[in-house]
Amino acid sequence: MAYYARDDFFNNPDVLERSVKILKGNLALEWMSLDLERSKCRPSQSRRGLTLADTNVGRYAWDQIPEKIRHNYSMAPRGAILPPGLPHLGYDINRKSEVWSENAPALYEESKSRHWIPSRQVPWEAVEKPAHSDEFERALAQLYTDLTSMATVLGDIPSKWVWRINQELVELKMWQCTQMFDAAQLADVFRKRAIAGGTGLGRDHAPLGELMKSVFDSSTYPCASASGYLLLCGLLQILLRHLGAVSTNAADETIARFGVQDVSRSISYGIGHMRYLLSQRPHEAKAIEGHLDEVENTAVGLLSAPIFVSTLALLTGGSRAAAGAAIPRVAALYRRFADEHAARRRAAGIASDKSPLEAFVREFEA
Amino acid sequence: MAIKFPSLEFFQELARRMNANPAAFEKLGFCDTVMGMRVLGKNPHLYSLTFDVFECSDVRELSSPEGAGFDFVLEAPLALWKEMFESIQKTGHPAPAYTLNSLSHVGDRMKVVYDEPEGHDKFYRFMATIQAFVDQAADLDIEWA
């Protein structure tokens, strides 16, 4: 145990005496006489219910969170009265701009409302008699294996940071919890699909692991956010879109349609986070750009890995025999990914003229 | 009675059906976006659809996208829209090759036109709702232009 309470309560006779008094009816009701701000919050749109935005009022509002949080390191909910003696929880992310995005509260509400249930909503019977060959199924299982690893890391990223973030940023922490749940569910459905298809999981491979490690090992939360939500989620998004486009059955099409929604919310958060951060601390841009260039380098490692390219080529062509001829379409997919990623970087304020991804795709096309 | 495609009445009918079927769309969750659907051809048409929570709250035909506040516009020739709706009408949901995702994926058949990446990503954030919206044409008697 690392934390010992400020008193040995059980062996303190004053504690027992006080408890006996209360049990005899001498209640201590000083806590009721607080000069608290009264507020009446109602759903601004009844169909949406009472949202975080509806309770963003007065002292409870996220607008009240200072850039540097100096007044509360406890577990107290933001806006509650803070008596002296509250334990310090050891949070070391106490700057709002380090994590905040103005769209995080709305994305949290959106994530809850758009929650889906793969175990029941995917028409699993479609996997039993797919309209594709065994070798296509083998390639699908390989892609689903890679997607499972990516989704698992997408859950690991917020879980690595959430407990370090000051409790004042509660809406952001709630949003991270939905990110973790979404990621768990994606890993769950990708894994199940690979196994249910009959060929089972495929091979793990070092280039994928290196990309995952470079994202997961980001040394600051902003770097993790940029590489995880702009780059990794961007890659997952386009792979899921591609999966939907090459799918031959309702199960894979459904997984792609719903999965793409989950990762796209995190992309929106990532852009919003970078914008908020750089509005407060523009000097951070250079370090994040450099980090993202480094992680793009590991993405190039994945995009050029023979196992990855040949899997995509087989899926794109529809068969082993047609895979070679499908390479230009894989190049078109990479071009689209590079263009969309570059546009997101520009929108977020972290564009780079040294982007390894752009340079690689140009070479690949040539 | 047959409804002409493309026409304002066609998209108004899809909106009416969506708003009359809250159970199906509440299950898919909040959808907040302003999107365009452009039909290319001899007589091009541009429609604006506003999605708000679980409803399609506004449908209108525009002469230009200027000032419409679109997050994104789906743009395709009339023949492709026709193929898509015909695929939907076979089983109630398009074949994988005719989903909005598949048609727009690489941009060589249906284009997703946008100014900001955040607007573009809304197409993917609300993909299931938008697909369900167009799937409602499954049993419409469509008169093709």
Side-chain angles (χ1 to χ4, degrees), chain A residues 45-49 51 103 106-107 109-117 121 131 230 233-234 237-238 240-250 252-254 256-268 271-272 275 329 332-333 335-336 339-348, chain B residues 18-19 22-33 51-57 71-72 87 90-135:
Chain A
Q45 286 179 291
S46 59
R47 291 165 300 160
R48 217 182 281 275
T51 63
N103 61 11
L107 287 169
E109 299 287 358
E110 184 181 310
S111 180
K112 286 185 297 171
S113 80
R114 296 193 76 81
H115 178 66
W116 62 297
I117 305 169
Q121 280 176 266
L230 267 61
C233 283
Q237 188 206 64
I238 202 152
L240 285 168
R241 285 156 52 189
H242 196 58
L243 174 71
V246 301
S247 66
T248 63
N249 65 83
D252 295 316
E253 192 274 316
T254 303
R257 177 159 32 98
F258 284 100
V260 87
Q261 300 190 146
D262 293 347
V263 296
S264 298
R265 285 191 293 275
S266 285
I267 296 173
S268 294
I271 294 174
R275 281 182 175 160
R329 284 152 68 200
L333 180 74
R335 166 47 58 205
R336 185 122 199 211
D339 287 348
E340 290 179 1
H341 177 66
R344 290 182 186 121
R345 284 190 73 155
R346 283 194 298 276
Chain B
M18 179 182 190
N19 302 344
F25 286 91
E26 283 177 17
K27 203 171 81 176
L28 296 173
F30 299 165
C31 177
D32 300 289
T33 186
F51 292 93
D52 181 31
V53 196
F54 306 120
E55 293 183 355
C56 183
S57 58
D71 289 314
F72 59 91
S87 179
K90 281 181 190 158
T91 62
H93 186 69
Y98 284 100
T99 62
L100 291 171
N101 173 66
S102 298
L103 293 173
S104 64
H105 179 44
V106 190
D108 55 350
R109 293 198 285 169
M110 177 181 283
K111 282 194 167 53
V112 188
V113 181
Y114 58 96
D115 293 325
E116 291 291 324
E118 285 167 291
H120 182 216
D121 285 323
K122 282 191 181 180
F123 176 44
Y124 304 107
R125 271 163 61 185
F126 304 125
M127 175 72 83
T129 301
I130 297 165
Q131 185 64 58
F133 179 80
V134 296
D135 286 357

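Order of the sequence lines sets the chain letters (A, B, ...), proteins ahead of strands, with each chain counted from 1.
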For this session: Might you point out which heavy atoms bring B:Thr129 and B:Leu28 nearest each other, and give the distance in Å?
Result: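 Reported closest heavy-atom pair: OG1-CB, 3.7 Å.
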For this session: Please report the closest heavy-atom contact between B:Ala97 and B:Ser102, naming both atoms and the distance.
Result: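 Closest heavy-atom pair between B:Ala97 and B:Ser102: O-CB, 3.6 Å.
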Side-chain contact, heavy-atom cut-off 4.5 Å: [X] with [Y]?
X: A:Asn249; Y: B:Pro96; value: no
X: B:Cys31; Y: B:Val53; value: no
X: B:Phe72; Y: B:Ile130; value: yes
X: B:Ser57; Y: B:Phe51; value: no

Please flag which part of [X] lies under 4.5 Å from any non-hydrogen atom of chain A: side chain, backbone, both or neither.
X: B:Phe25; result: neither
X: B:Asn101; result: side chain
X: B:Phe126; result: both

Need one label for [X]: side chain, backbone, both or neither, based on atoms under 4.5 Å from any heavy atom in chain B.
X: A:Thr248; answer: backbone
X: A:Ile117; answer: neither
X: A:Arg345; answer: neither
X: A:Glu253; answer: side chain
X: A:Asp262; answer: neither

For this session: Pick whichever of B:His93, B:Gln131, B:Glu55, B:Arg125 has the most heavy-atom pairs under 4.5 Å with chain A.
Result: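 Among B:His93, B:Gln131, B:Glu55, B:Arg125, the one with the most close pairs to chain A is B:Arg125.
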Problem set entry | chain A contacts, top residue of B:Asp108, B:Thr99, B:Asp52 (heavy-atom pairs, under 4.5 Å) |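 Answer, by heavy-atom pair count under 4.5 Å with chain A: B:Asp52.
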Picking from [options], which has the most non-hydrogen pairs under 4.5 angstrom with chain B?
options: A:Lys112, A:Arg344, A:Gln237, A:Arg47; answer: A:Arg47
options: A:Arg265, A:Glu340, A:His242; answer: A:His242
options: A:Arg335, A:Arg346, A:Arg329, A:Arg336; answer: A:Arg336

Problem set entry | Face-on cation placement of A:Arg114 at B:Phe30 ring, 6.0 Å and 45° thresholds |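 Pair A:Arg114/B:Phe30 does not count as cation-pi.
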Exercise. Hey, is CG on A:Asp339 packed in by over 12 heavy atoms from elsewhere, all under 6.0 Å?
Worked result: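 Enclosed.
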Exercise. Does a donor on one side chain sit under 3.5 Å from an acceptor on the other, for A:Ser268 and A:Asn103?
Worked result: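 Result is no, nothing qualifies.
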